[in-house]
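Below, chain A is the first sequence line, B the second, and so on; all start at residue 1.
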2 protein chains.
Amino acid sequence: MGATRPLPATATESRPARLPTGGAATAAGRVLAVLAAFGPAHPSLTLSEISRRSGLTLTTTHRLVGELRQWGGLERAPDGRYAIGLRLLELGALAPHGLQLRELALPYLDDLHQATRANVHLAVRDGSDGVYVEALRARGAVQVLSRLGGRWPLHATGTGQVLLAFADREVQDELLQAPLKRFTPDTITNVAELRRVLAEVRRTGVAIAENQLTPDALAVAVPVRGERDEVVAALGVTVQRGTVQSHALVPALAATARGISRALGAPSAKPEASNAIRASRTPRSSG
Amino acid sequence: MGATRPLPATATESRPARLPTGGAATAAGRVLAVLAAFGPAHPSLTLSEISRRSGLTLTTTHRLVGELRQWGGLERAPDGRYAIGLRLLELGALAPHGLQLRELALPYLDDLHQATRANVHLAVRDGSDGVYVEALRARGAVQVLSRLGGRWPLHATGTGQVLLAFADREVQDELLQAPLKRFTPDTITNVAELRRVLAEVRRTGVAIAENQLTPDALAVAVPVRGERDEVVAALGVTVQRGTVQSHALVPALAATARGISRALGAPSAKPEASNAIRASRTPRSSG
DNA sequence: CCCCGGGCTTCCACCCGGGGGAAGAGCCGT
DNA sequence: ACGGCTCTTCCCCCGGGTGGAAGCCCGGGG
């Protein structure tokens, strides 16, 4: 409604160059930037912290947080700090490759957990990361790096190596271009070596990762297949290195993965297909 | 392309008329309306379905869905349908009363599950609903109504009755004002009766719900306490009615709840407090 | 005491990004 | 071929969002 506007501000004027983190030029992006301020390292934040981490003005943050809170996406602790609300948990549970998959797989994972007494993971791929859709921790050996919803680069975990090995070529190339982050002295950061490992995983159908993400850890993982025999997830166990031979874990792991794959409708895991492959021990049938 | 259509569709036609569902006057609200279009009954939606369910224009929906997808909050299946993405699972896992609590409680729940072979639930209160933070399903008796992230009115579940019984007065009053939804012929819908039940739950520390949410189901639940002995969650098991005496489940349930409470730092669950358990504690386990 | 520096909340005028109409591209079944 | 459906793109106008500023409440310190 303002009369004539002579000149739009020229580009020479530089904006304060906000948003180092959020990159939220759009309104929807600002909402997401608020949510993205939260993470495993920052599960609860004050208003100003959200503002700083999201790169938004305090005012804007205040309003957005208010709306999110009213909606149930955020909740406010008595001390005034904000945290993720149950509404988002509820939403997240609807992820088809997430908790829906988990729902189906849990009984199998439970059996595997009971049988091996190891940390059990079910992971799916999201971009260049693996996300834990379920993580059953061993009672004694606490390994804090395995949380449901946890996210790690594919090259640094057993399940991730499986997911990467069976991913599309594009996905692999993209990940192999960027530098591979190192977590331990033994983390594979050499592209050529990683390619070799992936080929081996494809050949054997098993990934064996030692000390990749955490020292003194041994991870063994196998693929889980879906309706079209595509790899939809990876099943893995992690134990303290030296306590178990990696080979000893493979049969139970393979059997469990097969059970889940069958439940998912994978052709290669159908009962009649079991003859073609070598006799594999079936998981404990329902009793 | 018939030029311009001079007449807009007449209002007499039954037009969905901007669903109040979303109630999105604000930009942030529109983003949330898109997310809210998803639910247990609608885990995957087409673009137009999202548009209709959220009450947003197709154009707006299109853009918002695009942004959400780019961010990772939504993902698109090969058939073009949209579903919740892993980013939201990741976020939801950060809910302090949600999966953080779950993380700590899972080993205990697992033991209880193994011991009782029943459906095991850990629930927290969100408004007038209980939300399942964990749900371990019994192998045989599939009870589909217990999913992680599931949300049910407090009056209709065992865990809900516990949460309601120990909730603030305001919360109780608010819930007791609205009509109580009926799920089965036995669901408590009478306010006076519910009050009586709640008083009993407070007295005994145990809720016993029969056929409240699903027919032929028996649910037994007890409170889980936090740092200041406040009730932070409810632990419950559900079995087929007639298979087990409700009393038989109480000891294991109470022991498990105590373990979780202790892990949470509840004073009343500290080792030295074990002798001085307060008043009536439902000691009778023999029947 | 007042001042100060945090965090949080509210208010308001400007203005830029978002909204949605409309048109077009696919893609069915008929 | 048609009509009906969904999805995608384009673009102008306007209304809601943005952020500056001021007010509020705390706790600490001079």
Side-chain angles (χ1 to χ4, degrees), chain A residues 1-11 13-19 22-34 37 42 44-71 74-83, chain B residues 1-9 11 13 15-19 22-34 37 42 44-71 74-83:
Chain A
M1 44 189 79
T4 56
R5 172 151 350 249
L7 284 179
T10 59
E13 303 219 28
S14 62
R15 285 264 136 219
R18 284 211 173 272
L19 46 106
T26 153
R30 281 180 259 266
V31 178
L32 302 181
V34 168
H42 311 270
S44 91
L45 300 168
T46 70
L47 184 64
S48 342
E49 284 169 345
I50 299 175
S51 167
R52 282 191 293 269
R53 290 179 55 80
S54 63
L56 300 176
T57 313
L58 190 58
T59 311
T60 301
T61 308
H62 180 256
R63 185 175 37 79
L64 291 180
V65 161
E67 291 196 58
L68 278 165
R69 193 158 84 96
Q70 188 176 3
W71 184 73
L74 294 180
E75 58 186 33
R76 191 165 198 189
D79 63 352
R81 299 178 72 86
Y82 291 94
Chain B
M1 41 234 106
T4 53
R5 172 163 314 224
L7 291 179
E13 306 209 36
R15 155 165 315 203
R18 290 293 171 270
L19 293 182
T26 152
R30 282 181 259 265
V31 177
L32 302 181
V34 168
H42 310 271
S44 90
L45 299 168
T46 70
L47 184 64
S48 344
E49 284 170 345
I50 298 174
S51 167
R52 282 192 293 269
R53 289 179 56 82
S54 63
L56 301 175
T57 311
L58 190 57
T59 310
T60 301
T61 308
H62 181 257
R63 186 174 36 80
L64 291 180
V65 160
E67 292 197 57
L68 278 165
R69 193 157 84 96
Q70 188 176 4
W71 185 72
L74 294 181
E75 57 187 33
R76 191 165 199 190
D79 63 354
R81 299 177 73 85
Y82 291 94

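The side chain of Leu47(A) approaches dT9(C) more closely than any other nucleotide in the set dT9(C), dC7(D), dG17(D). Side-chain proximity of Arg63(A) to the nucleotides dG18(C), dT18(D), dA22(C) is greatest for dT18(D). For Ser48(B), taking side-chain heavy atoms from C-beta onward, the closest of the listed nucleotides dC7(D), dG18(C), dC8(C) is dC7(D). You'll find that the side chain of Thr60(B) is closest to dG20(C), out of dG17(D), dT18(D), dG20(C). Residue Thr57(B) places its side chain closer to dG20(C) than to any other of dG17(D), dG20(C), dT6(D).
For the pair Leu74(A) CG and dC8(C) P, the computed distance is 14 Å after rounding to whole Å. Atom pair Asp79(A):CG and dG27(D):P shows a separation of 14 Å (rounding to whole Å applied). Whole-Å rounding puts the Leu58(B) CG to dG20(C) C1' distance at 10 Å. Rounded to whole Å, atom P of dG7(C) lies 11 Å from atom CZ of Arg81(A). Rounded to whole Å, the distance from NE2 on His62(A) to C1' on dC24(D) is 12 Å. For the pair Leu45(A) CG and dC8(C) P, the computed distance is 11 Å after rounding to whole Å. Distance CG (Leu56(A)) to P (dG17(D)): 14 Å, rounded to an integer number of Å.
Under a 3.5 Å cut-off, the side chain of Arg30(B) and the backbone N or O of Ala25(B) do form a donor-acceptor pair. Between the side chain of Thr26(A) and the backbone N or O of Ala28(A), at least one donor-acceptor pair lies under 3.5 Å. Thr46(A) places a side-chain N or O within donor-acceptor distance of the main-chain N or O of Glu49(A), the cut-off being under 3.5 Å.
If Glu67(B) and Glu49(A) are placed on DNA chain C by their nearest nucleotide, the residue sitting closer to the 5' end is Glu49(A).
Between Arg30(A) and dT18(D), a side-chain N or O to OP1/OP2 separation shorter than 4.0 Å is present. Phosphate proximity of dT18(D) to Thr59(A): absent, as no side-chain N or O sits under 4.0 Å from OP1 or OP2.
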>> The test is side chain to side chain contact (heavy atoms under 4.5 Å, CB included); show your working for His42(A) and Arg53(A) and say whether it passes.
In response: CA-CA 10 Å; His42(A) 311 270; Arg53(A) 290 179 55 80; 3.2 Å; yes
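dC7(D): Watson-Crick or G-U partner is dG24(C), with both key distances under 3.5 Å.
By the 4.5 Å heavy-atom criterion applied to side chains, Leu74(B) and Val34(B) are counted as neighbours.
Contact annotation for Arg76(B): backbone-only contact, meaning every heavy-atom pair under 4.0 Å involves sugar-phosphate atoms and none involves a base.
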